Amino acid sequence: PLHRDAPRDSSRPRNDPNTDAMGLTASSLNLTQYDVEEVQEHCGGKFNSREIQCLYKRFRTLDKRHKGYISEDELMSIPELAISPLAPRVTRVFQNLNF
């Protein structure tokens, strides 16, 4: 599945009102400069920082249950993909991929 491993911010108390039920905080949902550079290196520099941030924001929007990956149902919630006759093939391409 598509996902990103993010360590929990241990500096925040568990009862912090800015922490959701899964321990995610608003700040932990953002990419660090290190994250961006790691993605750029992994992708051979094909994406700039702004593009990576934009893609990650879209990923977070699609990952409605905050699982760290996009399920087939979430992927199919993209209207342009849902109406495409190629949609089943596209979703199969992404199955079991881990970025």
Side-chain angles (χ1 to χ4, degrees):
L2 303 174
H3 85 320
R4 176 182 172 275
D5 294 325
R8 183 185 179 282
D9 182 358
S10 59
S11 65
R12 288 204 183 259
R14 290 199 181 271
N15 59 355
D16 187 319
N18 295 320
T19 304
D20 71 9
M22 298 185 69
L24 296 175
T25 64
S27 63
S28 71
L29 294 175
N30 295 321
L31 293 175
T32 65
Q33 183 61 32
Y34 175 81
D35 294 327
V36 171
E37 290 170 3
E38 189 175 34
V39 171
Q40 285 176 319
E41 184 179 322
H42 181 79
C43 295
K46 293 184 175 114
F47 299 100
N48 65 38
S49 177
R50 185 175 169 276
E51 291 168 326
I52 292 168
Q53 293 284 351
C54 183
L55 288 168
Y56 186 62
K57 182 179 178 183
R58 179 68 169 143
F59 168 82
R60 286 189 354 233
T61 301
L62 291 170
D63 181 20
K64 295 185 187 332
R65 294 182 205 112
H66 308 289
K67 302 175 304 303
Y69 62 90
I70 301 171
S71 69
E72 184 175 345
D73 290 339
E74 290 165 334
L75 201 56
M76 293 304 291
S77 72
I78 302 169
E80 297 83 0
L81 185 58
I83 63 171
S84 171
L86 299 175
R89 291 174 68 187
V90 170
T91 57
R92 278 196 300 272
V93 166
F94 287 107
Q95 285 179 346
N96 301 316
L97 285 181
N98 181 1
F99 295 97

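Note that the structure is predicted; figures quoted are calculated from it, not measured.
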Quiz item: Looking at CD of Glu38 and SG of Cys43, how far apart are the two atoms once the value is rounded to the nearest 0.5 Å?
Solution: 10.5 Å
Quiz prompt | Minimum-distance pair of heavy atoms, taken over all atoms of Lys46 and Glu51 | solution = O-OE1, 4.0 Å
Exercise. Would you confirm whether Glu37, through its side chain, and Tyr34, through its main-chain N or O, come within 3.5 Å as a donor-acceptor pair?
Key: no
Practice problem: Using atom types as modelled and distance alone, determine if a side-chain donor or acceptor of Asp63 lies under 3.5 Å from a backbone N or O of Ile70. | Solution: no
Practice problem: Kindly compute the distance separating CG (Leu75) from OH (Tyr69), expressed to the nearest 0.5 Å. | Solution: 13.0 Å
Exercise. Indicate yes or no for a side-chain donor-acceptor contact from Ser84 to the backbone of Leu81 under 3.5 Å, with no hydrogens or angles considered.
Key: no
Quiz item: Going from OG1 on Thr91 to CG on Asp73, what distance comes out if it is rounded to the nearest 0.5 angstrom?
Solution: 10.0 Å
Practice problem: Using the side-chain contact (heavy atoms from CB on, under 4.5 Å) rule, take Val39 and Gln53 through it: C-alpha gap first, then chi angles, then the decisive distance, then the call. | Solution: CA-CA 10 Å; Val39 171; Gln53 293 284 351; over 6 Å; no
Quiz item: Closest heavy-atom contact between Ala82 and Met76?
Solution: CB-O, 3.2 Å
Practice problem: Find the distance between CZ (Arg65) and OG (Ser71) and round it off to the nearest 0.5 Å. | Solution: 5.0 Å
Quiz item: Got a second to check how far Gln33's CD is from Leu31's CG, nearest 0.5 Å?
Solution: 10.0 Å
Practice problem: For residues Thr61 and Lys64, report the shortest heavy-atom separation together with the two atoms involved. | Solution: O-NZ, 3.5 Å
